Number of protein chains: 2
Amino acid sequence: MRYAKGHKESTREKIVQAASRRFRQDGAEGVGVAALMAEAGLTHGGFYSHFESKEALLSASIEEGMTQSLDELIQLAKRYGDDVTALARAYLHPRHRDHPEKGCAAAALAPELARHSATTRAAFTARLQALFKLIEERLPATLSAAQRRERSMAIFATLMGTLQMARAVDDKGLSERILQSGIHAATALAQG
Amino acid sequence: MRYAKGHKESTREKIVQAASRRFRQDGAEGVGVAALMAEAGLTHGGFYSHFESKEALLSASIEEGMTQSLDELIQLAKRYGDDVTALARAYLHPRHRDHPEKGCAAAALAPELARHSATTRAAFTARLQALFKLIEERLPATLSAAQRRERSMAIFATLMGTLQMARAVDDKGLSERILQSGIHAATALAQG
DNA sequence: GCCATTAAATGACGATCATCATATTAGATG
DNA sequence: CATCTAATATGATGATCGTCATTTAATGGC
């Protein structure tokens with residue numbers, strides 16, 4: 001249809017946005033190509049003119065989802081005081097637990113990612129390291145760079161593991177206690 | 001065929017064992033009923049005389065897998081000194097990272113579990129609490145019971161999150177550093 | 001050694017999966 | 001306004017999904 005130039009790019013972007021939500025909500029294997037396209041307001045046919053495969057869309061979605069939730073995390077953390085405790089409070093907020101589709105892609109998909117393509121895992125690794133950096137910058141300057149780097153990894157592991165457990169357990173009270181334990185632990189790990 | 005009594009029970013057990021391996025390896029949605037039965041040396045037909053649904057098998061497999069890896073963790077930890085650091089070293093050993101099918105079911109399946117039935121999540125919750133207790137028992141007696149309980153949750157979150165990240169990243173060196181960071185963090189969180 | 005019983009195998013159900021070939025149609029270009 | 005082209009839709013591929021009805025076959029009880 002000889003659309004305005006950039007039309008296809010923007011459609012592709014819409015697909016990635018919609019897919020990144022759906023993948024986080026239902027898992028990479030929990031949603032099909034047709035449903036992903038429908039979520040973007042399209043039919044399934046044109047999919048392969050935008051992406052080489054479903055795996056390629058997953059790759060792009062991971063990048064999109066990780067970037068998006070990283071940005072949002074930064075914004076939210078600022079409101080809480082912008083230190084590691086603030087990050088933890090933002091990340092481990094019940095709203096985040098209850099809305100995986102808008103939240104951290106790592107928490108929603110980490111175990112599956114280990115089974116996916118090198119490209120997908122590379123995209124994930126790059127974004128994960130940006131996340132580490134975000135935490136590093138909020139650790140006390142009294143720590144060495146190497147110490148900050150190591151701690152940032154463990155702090156994110158704690159946040160992600162905590163969020164996943166809080167989502168998986170079948171007991172609302174326990175879920176709340178798990179979230180609290182994560183906030184306290186992240187704070188403790190951030191001490192000089 | 002009027003087999004010896006207990007034959008069917010033992011077949012059922014074999015299916016659960018095999019399924020618990022496969023679910024951890026490929027995810028709950030990554031493997032079909034036919035493949036699960038084949039893994040146990042059977043064909044798919046008899047499946048529904050053993051289980052009400054695939055979901056019911058998942059439920060039993062979570063229970064089996066969590067119990068199994070809990071027992072193994074206890075055994076391994078003993079060799080390392082039987083404190084929290086020992087648990088962390090056992091849990092975050094490269095062998096565990098490289099063999100999810102024999103390892104912790106929580107680390108392999110946590111995000112998916114949040115999307116499954118109440119029964120499955122209840123089975124998971126019960127086993128998770130046994131895991132918390134295991135850690136609690138290895139925390140210093142100088143801490144209050146409430147403190148030990150809270151810390152045990154955060155310590156397991158750290159271990160699980162660390163293992164998942166170490167599995168997902170596309171960089172062997174980074175993976176090793178992630179594992180180390182988790183061991184150090186778990187040790188730090190276990191201090192009185 | 002046959003029979004009754006029942007575990008397991010065969011095979012089929014409609015639905016959905018990822019992928020692709022072909023047809024339609026929107027809209028910028030002339 | 002008519003035309004051309006590229007973006008999307010339609011529709012089909014064979015494979016696999018979970019589930020179930022029917023058939024086969026093994027063996028303890030007689």
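Keep in mind it's a predicted model, so treat the numbers as computed, not measured. Below, chains carry the letters A, B, ... as their sequence lines are ordered, and counting in each starts from 1.
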Check the side chains of B:Ser20 and B:Arg24 for a donor-acceptor pair under 3.5 angstrom, ignoring hydrogens and angles. yes
D:dC20, OP1 or OP2 - any side-chain N/O from B:Tyr48 closer than 4.0 Å? no
Tell me whether the rings of B:Tyr80 and B:His93 are parallel (<30°), tilted (30 to 60°) or perpendicular (>60°). tilted
A:Glu29 CD to C:dA18 P, in whole Å, measures 10 Å
Using whole Å, report how far CG of B:Leu57 lies from C1' of D:dT19. 14 Å
Looking at every heavy atom in both A:Glu63 and A:Thr67, which two are closest together, and how far apart are they? O-OG1, 2.7 Å
Remember a base hit wins even if backbone is also touched, and classify B:Gly45 as base, sugar-phosphate or nothing at under 4.0 Å, heavy atoms. base
Among D:dA12, D:dG18, D:dT8, the one nearest B:Val33 by side-chain distance: D:dG18
Where do A:Ser152 and A:Arg148 land on the side chain to side chain donor-acceptor pair (under 3.5 Å) test, with the steps shown first? CA-CA 6 Å; A:Ser152 70; A:Arg148 287 204 303 274; over 6 Å; no
Counting any heavy atom closer than 4.0 Å, what does A:Ser53 reach on the DNA or RNA strands: base, sugar-phosphate only, or nothing? sugar-phosphate
Look at A:Arg177 together with B:Glu150 and state whether they make a salt bridge at an N to O cut-off of under 4.0 Å. no
Given atom CZ of A:Phe47 and atom C1' of C:dT19, what is their separation to the nearest angstrom? 10 Å
How long is the line joining CZ of B:Arg12 and P of C:dA7, in whole Å? 13 Å
Spacing between B:Phe51 atom CZ and D:dT19 atom P, to the nearest angstrom: 13 Å
Between C:dA7, C:dA9, D:dA9, which one does the side chain of B:Thr43 approach most closely? C:dA9
When rounded to whole Å, the CD to C1' distance for the pair B:Glu13 and C:dA7 reads 17 Å
Looking only at C:dT19, D:dA7, C:dA8, the nucleotide nearest the A:Lys8 side chain is D:dA7
Have a look at B:Ser49 and say if it touches a base, only the backbone sugar-phosphate, or nothing, with a 4.0 Å heavy-atom cut-off. nothing
Can a side chain N or O of A:Thr11 be found less than 4.0 Å away from OP1 or OP2 on D:dT8? yes
In whole Å, I'd like the distance from the CD atom of A:Glu9 to the P atom of D:dT8. 10 Å
For C:dA8, take OP1 and OP2 only and decide whether either is under 4.0 Å from a side-chain N or O of B:His50. yes
Whole angstrom value for the distance that separates P of D:dG18 from NE2 of B:His116: 11 Å
